[in-house]
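Reviewing the structure listed below.
So that the names make sense, note that chain A is the first sequence line, chain B the second, and so on, each numbered from 1. Basis for what follows: all heavy atoms, side chains included, without hydrogens, waters or symmetry-related copies.
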Amino acid sequence: MPANRGVSVHPELGYELVETARGLLLLQETLRAAAMQRYGLEAQRVWGPCRGTDLEGLLLRHPFLDREVTVLVGTHVTVDAGTGLVHTAPAHGVDDYQIGRRYQLPVDNLMDDRGVFLPEVPLVAGLKVWAANDVVIEALRETGHLMAHKPLEHSYPHCWRHKTPIIFRATSQWFIVMDGVERNGGTLRAEARRAVDATRFYPAWGHARLSAMIENRPDWCVSRQRVWGVPLPFFVHRETGVLHPDTEHIAGQVAEAVSVRGIEAWFSTPAEHWLGADADHYRALTDTLDVWFDSGSTHAAVLRQRPELGFPAQLYLEGSDQHRGWFQSSLLTSVALHGHAPYEALLTHGFVVDGQGRKMSKSLGNVVVPQTVMKELGADNLRLWVASTDYSGELCLSREILDRVVEAYRRLRNTLRFLLANLGDFDMAHDGLPPESWLTLDRYALVLTRQVDEVVRRGYDSYEFHGVTQRLLTFCSEDLGAFYLDILKDRLYTAPPGSQARRAAQSALWHITQALTRWLAPVLTFTAEEVWATLQGKTVEAASSVFLESWHELPVVTEEAVLSARWDRWRALREEVRRHLEPLRTAGAIGSSLQAEVTLRAGGEALEALQSLGDDLRFLLLTSAARVEAWADDIGRARSGITLIEIPGAEGNWRMELEMVVSQGHKCPRCWHYREVVGEHPDHPGLCDRCTSNLFGAGEVRHHA
RNA sequence: UGGUCCUUAGCUCAGUGGUAGAGCAGCCGGUCGAUAACCGGCAGGUCGUCCGUUCAACCCGGACAGGACCAACCA
């Protein structure tokens with residue numbers, strides 16, 4: 001009230017003059033009833049309504065000061081509560097300040113920094129603002145202006161730290177102009193706009209967000225009334241408040257001194273040193289610089305100072321809240337200095353929230369601490385969680401989510417373990433074979449690996465790590481575990497150790513291991529280092545690091561398209577056959593698929609292709625026998641025990657008949673296939689024909705699987 | 001209140017204007033030479049809600065709800 005300079009009404013709302021026992025009251029029409037009830041008065045007569053604009057400029061007497069104030073018109077007036085007539089003190093609050101400017105009202109700063117009214121203020125001089133409240137109310141009561149008095153609780157800005165209500169005061173500030181000054185063919189805002197357009201954003205919507213902020217931001221207020229921080233080395237004239245004419249030069253000198261002697265160079269140097277004879281007429285500002293200016297200057301203080309760093313930076317990375325903060329202050333300072341952004345690209349991430357998408361807070365009890373996760377599950381799992389998450393939005397974190405992450409880790413780790421185990425007797429330099437000497441399945445595995453390689457590289461290049469981990473997981477589960485490695489076990493465990501069939505498999509596995517370990521290294525760093533050391537037959541301490549490597553360059557397979565198309569088909573065939581094996585298993589007829597024998601009947605292209613596989617077909621299907629026959633004339637007619645299957649592929653579906661029977665052979669203890677035992681070797685009567693050959697003869701020959 | 005964005009199976013994520021996909025989890029089974037593993041099968045979603053555009057929408061437009069971040073307001 002001591003700072004009151006006006007009363008605001010809404011231009012479009014209706015106002016009424018109400019006759020009461022206490023005289024005439026001006027009230028907003030929709031609020032009249034509530035107000036009268038609050039005052040305990042009856043409306044004896046009502047005039048109006050008139051519009052708010054009609055009241056503009058009316059002079060009102062201040063309730064206890066010898067002052068006339070004006071009725072103002074502003075759209076910030078609402079009818080939520082009160083009378084529709086708003087007390088306005090331009091020194092206290094944004095709305096009041098702005099409307100005060102429009103009407104050129106004086107801004108009365110009647111309160112000092114401690115919240116105490118200045119000595120010259122009538123009625124409340126020397127009182128703290130809270131104590132003054134009672135005095136003001138009492139004064140209103142005494143002069144007969146108090147209509148009602150009721151304590152009211154409503155949300156009001158509070159100090160985030162002390163939780164005490166904040167008093168708004170109008171204060172002089174320093175601004176960096178966004179639109180007023182042109183140079184290089186544009187204002188700071190225009191240049192900033194161009195710099196935003198020249199920046200790459202991850203994710204792309206960051207562009208819209210930063211653009212909008214540049215568009216909407218007001219002039220940059222860079223002064224803060226704080227005792228710590230970087231000082232604004234400004235001197236203002238004691239009478240006029242005008243900046244010293246030599247400010248730019250002085251600021252340069254101060255900066256120079258501070259860079260040599262530290263911040264004390266400013267605080268401990270008397271004004272005479274900077275201003276000479278002018279010192280008596282000027283006072284030094286005590287304001288500090290906006291802290292965003294500090295952090296926004298890292299491109300000057302760090303990037304441009306350290307020889308190992310470049311400017312502009314390839315990437316600035318921060319939480320999405322920094323569009324308003326660091327990203328923007330860095331942009332504006334750099335644009336002002338150099339005309340371009342201090343970064344080539346911006347990457348932002350969201351914030352960690354719980355499983356339900358709620359922000360973590362102590363009161364909700366849903367906080368998951370990274371340190372705890374590290375301690376319990378290890379850094380690799382924590383990183384894997386981050387890398388599995390689409391961090392462009394919120395990052396959900398909960399017990400269940402971590403459980404899933406650990407499952408994924410186990411899968412990746414186990415795959416590596418299998419690969420390492422099967423490379424134990426393999427030395428690429430001595431035992432390695434070129435892809436031309438591999439079986440077609442091995443070459444196909446290489447093709448699959450190359451496909452993953454492409455996805456992984458692209459994913460890392462664009463910082464989309466969750467795509468990478470997702471793909472690597474399916475690679476390990478589907479391509480390797482459920483397909484390639486599943487088939488490969490027979491060859492790895494039963495072919496002669498140094499045979500071409502086995503060395504070919506190991507050569508492919510070697511390339512896969514090389515690629516996989518490097519793909520995983522950025523995420524599973526410890527695990528990858530262990531794998532890398534194991535591959536060298538050394539301890540992690542003695543071995544060279546995987547982080548000294550680049551991506552593995554996989555060999556190129558000739559006629560990749562043909563090979564790939566053919567094996568896509570075989571893979572589909574395998575899945576189809578295994579699915580149809582399931583009823584036999586459920587019926588208890590077989591356990592392992594090796595207990596089954598399969599006959600496929602087809603014609604034309606399909607028949608030729610199947611025949612080309614030869615005996616390798618049974619290794620593909622993981623059955624003990626797989627026969628191929630040309631279809632008879634009655635093909636396609638339902639017969640018991642025979643299923644018609646369709647195998648999709650690039651050249652269209654292939655139809656074939658599938659017949660499955662339980663093998664009548666005996667299980668070979670070495671290769672587990674069920675065979676008519678040949679027993680050529682007297683010492684090993686139980687061994688099957690090919691095991692005997694592999695052990696004592698020329699060894700089996702394989703071309704495809 | 002304004003700005004930017006998110007919402008697809010229990011979880012993490014794909015996805016295309018035209019019958020919804022994967023991995024993991026779940027259930028059932030197999031195997032026992034990746035075993036604090038491995039393999040197979042099955043089940044599971046009115047693609048946040050509502051309204052439009054369209055012959056046809058998870059995919060386009062609008063509104064709403066919930067959530068995240070930023071900025072503001074609270075007489």
Side-chain angles (χ1 to χ4, degrees), chain A residues 7-8 74 76-89 92-96 154-157 203 205-213 215-218 319-325 328 348-359 384-385 387-390 392-396 398-411 413-422 464 466-467 469-478 480-483 485-486 489 492-494 575 578-588 590-595 622 670-672:
Chain A
V7 172
S8 299
H76 66 290
V77 175
T78 64
V79 292
D80 296 343
T83 58
L85 293 101
V86 181
H87 150 70
T88 301
H92 301 284
V94 176
D95 283 339
D96 290 16
H154 74 92
S155 69
Y156 183 86
W205 53 256
H207 180 269
R209 184 161 180 180
L210 193 53
S211 290
M213 286 180 174
E215 277 325 304
N216 302 331
R217 80 156 297 140
S320 61
D321 61 330
Q322 295 301 325
H323 283 99
R324 172 58 85 189
Q328 192 175 158
T348 57
H349 56 81
F351 289 76
V352 180
V353 296
D354 70 11
Q356 275 77 51
R358 294 175 187 282
K359 83 158 100 172
L384 184 56
W385 163 66
S388 311
T389 302
D390 178 3
S392 66
E394 291 97 56
L395 293 81
C396 294
S398 69
R399 190 68 245 175
E400 182 182 6
I401 291 166
L402 284 172
D403 286 346
R404 294 295 91 80
V405 168
V406 171
E407 291 294 336
Y409 173 77
R410 289 218 190 105
R411 176 45 119 165
R413 190 173 187 282
N414 253 303
T415 303
L416 288 164
R417 179 199 188 105
F418 179 91
L419 292 169
L420 286 175
N422 283 284
E464 287 172 46
H466 71 282
T469 55
Q470 204 97 20
R471 189 66 186 84
L472 289 183
L473 202 59
T474 32
F475 179 65
C476 288
S477 293
E478 293 290 288
L480 295 183
F483 178 66
L485 301 183
D486 202 32
K489 283 177 195 168
L492 289 167
Y493 300 154
T494 69
E575 278 167 26
R578 308 214 95 202
R579 209 158 53 79
H580 281 94
L581 242 30
E582 195 61 20
L584 285 186
R585 184 173 287 135
T586 311
I590 60 167
S592 161
S593 65
L594 284 173
Q595 281 177 262
L622 239 65
R670 185 166 176 278
C671 75
W672 297 352

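Listed pair A:Arg417 / B:U35 meets the phosphate criterion, a side-chain N or O lying under 4.0 Å from OP1 or OP2. Distances shorter than 4.0 Å separate none of the side-chain N or O atoms of A:Arg413 from OP1 or OP2 on B:U35. Proximity of A:Ser320 to the phosphate of B:C5: no side-chain N or O atom is located under 4.0 Å from OP1 or OP2. Regarding contacts with the backbone of B:A34, a side-chain N or O of A:Tyr493 is found under 4.0 angstrom from either OP1 or OP2.
Partners of A:Arg417 under the salt bridge (Lys or Arg N to Asp or Glu O under 4.0 Å) rule, at least two apart in sequence or in another chain, do not exist in this structure. Legend: residues meeting salt bridge (Lys or Arg N to Asp or Glu O under 4.0 Å) with A:Glu215, ordered by chain and number and at least two apart, are A:Arg193. Partners of A:Arg578 according to the salt bridge (Lys or Arg N to Asp or Glu O under 4.0 Å) rule, which considers only residues two or more places apart in sequence or in another chain, are A:Asp486.
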What would the secondary structure line of RNA chain B be in dot-bracket form, counting Watson-Crick and G-U wobble pairs under 3.5 Å, with [ ] for pairs that cross earlier ones and | for pairs with another strand? (((((((..((((....[..)))).(((((.......))))).....(((((..]....))))))))))))....
Give every pair of a protein N or O atom and an N or O atom of nucleotides 30-32 of chain B that lie under 3.5 Å apart, one pair per line with the distance.
from  : atom 1 : to       : atom 2 : distance (Å)
B:G30 : O2'    : A:Gly591 : O      : 3.0
B:C32 : OP1    : A:Lys667 : NZ     : 3.0

Grab the N/O contacts between the protein and nucleotides 10-16 of chain B below 3.5 Å, and write none if there aren't any.
from  : atom 1 : to       : atom 2 : distance (Å)
B:G10 : O2'    : A:Glu400 : OE1    : 3.4
B:G10 : O2'    : A:Glu400 : OE2    : 3.4
B:C11 : O4'    : A:Glu400 : OE2    : 3.1
B:U12 : O2'    : A:Ser388 : O      : 2.8
B:U12 : O2     : A:Gln470 : NE2    : 3.2
B:C13 : OP1    : A:Asp390 : N      : 2.5
B:C13 : O3'    : A:His466 : NE2    : 2.8
B:C13 : O2'    : A:Gln470 : OE1    : 3.1
B:A14 : OP1    : A:His466 : NE2    : 2.4

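The shortest non-hydrogen separation linking A:Leu594 to A:Trp672 is CD1-O, 3.6 Å. When all heavy atoms of A:Leu473 and A:Ala408 are compared, the pair lying nearest together is CD1-O, 3.7 Å.
Looking at heavy-atom distances under 4.0 Å, A:Gln322 makes no contact with the nucleic acid at all. Residue A:Arg670 is classed as a base contact, given a heavy-atom separation below 4.0 Å to a base. In this structure, A:Gly481 reaches the bases: a heavy-atom distance under 4.0 Å links it to at least one base atom across the strands shown. When heavy atoms are screened at a 4.0 angstrom cut-off, A:Thr474 is found touching the sugar-phosphate backbone but no base atom.
When the nucleotides B:C69, B:C42, B:A75 are ranked by their closest atom to the side chain of A:Asp321, B:C69 comes out on top.
With hydrogens and angles left out, the side chain of A:Arg324 and the base of B:C69 share no donor-acceptor pair within 3.5 Å.
Using cut-offs of 30° and 60° for the angle between ring planes, the A:Phe418 and A:Tyr493 rings count as perpendicular.
The CG atom of A:Asn414 sits 16 Å away from the C1' atom of B:G23 (whole-angstrom rounding).
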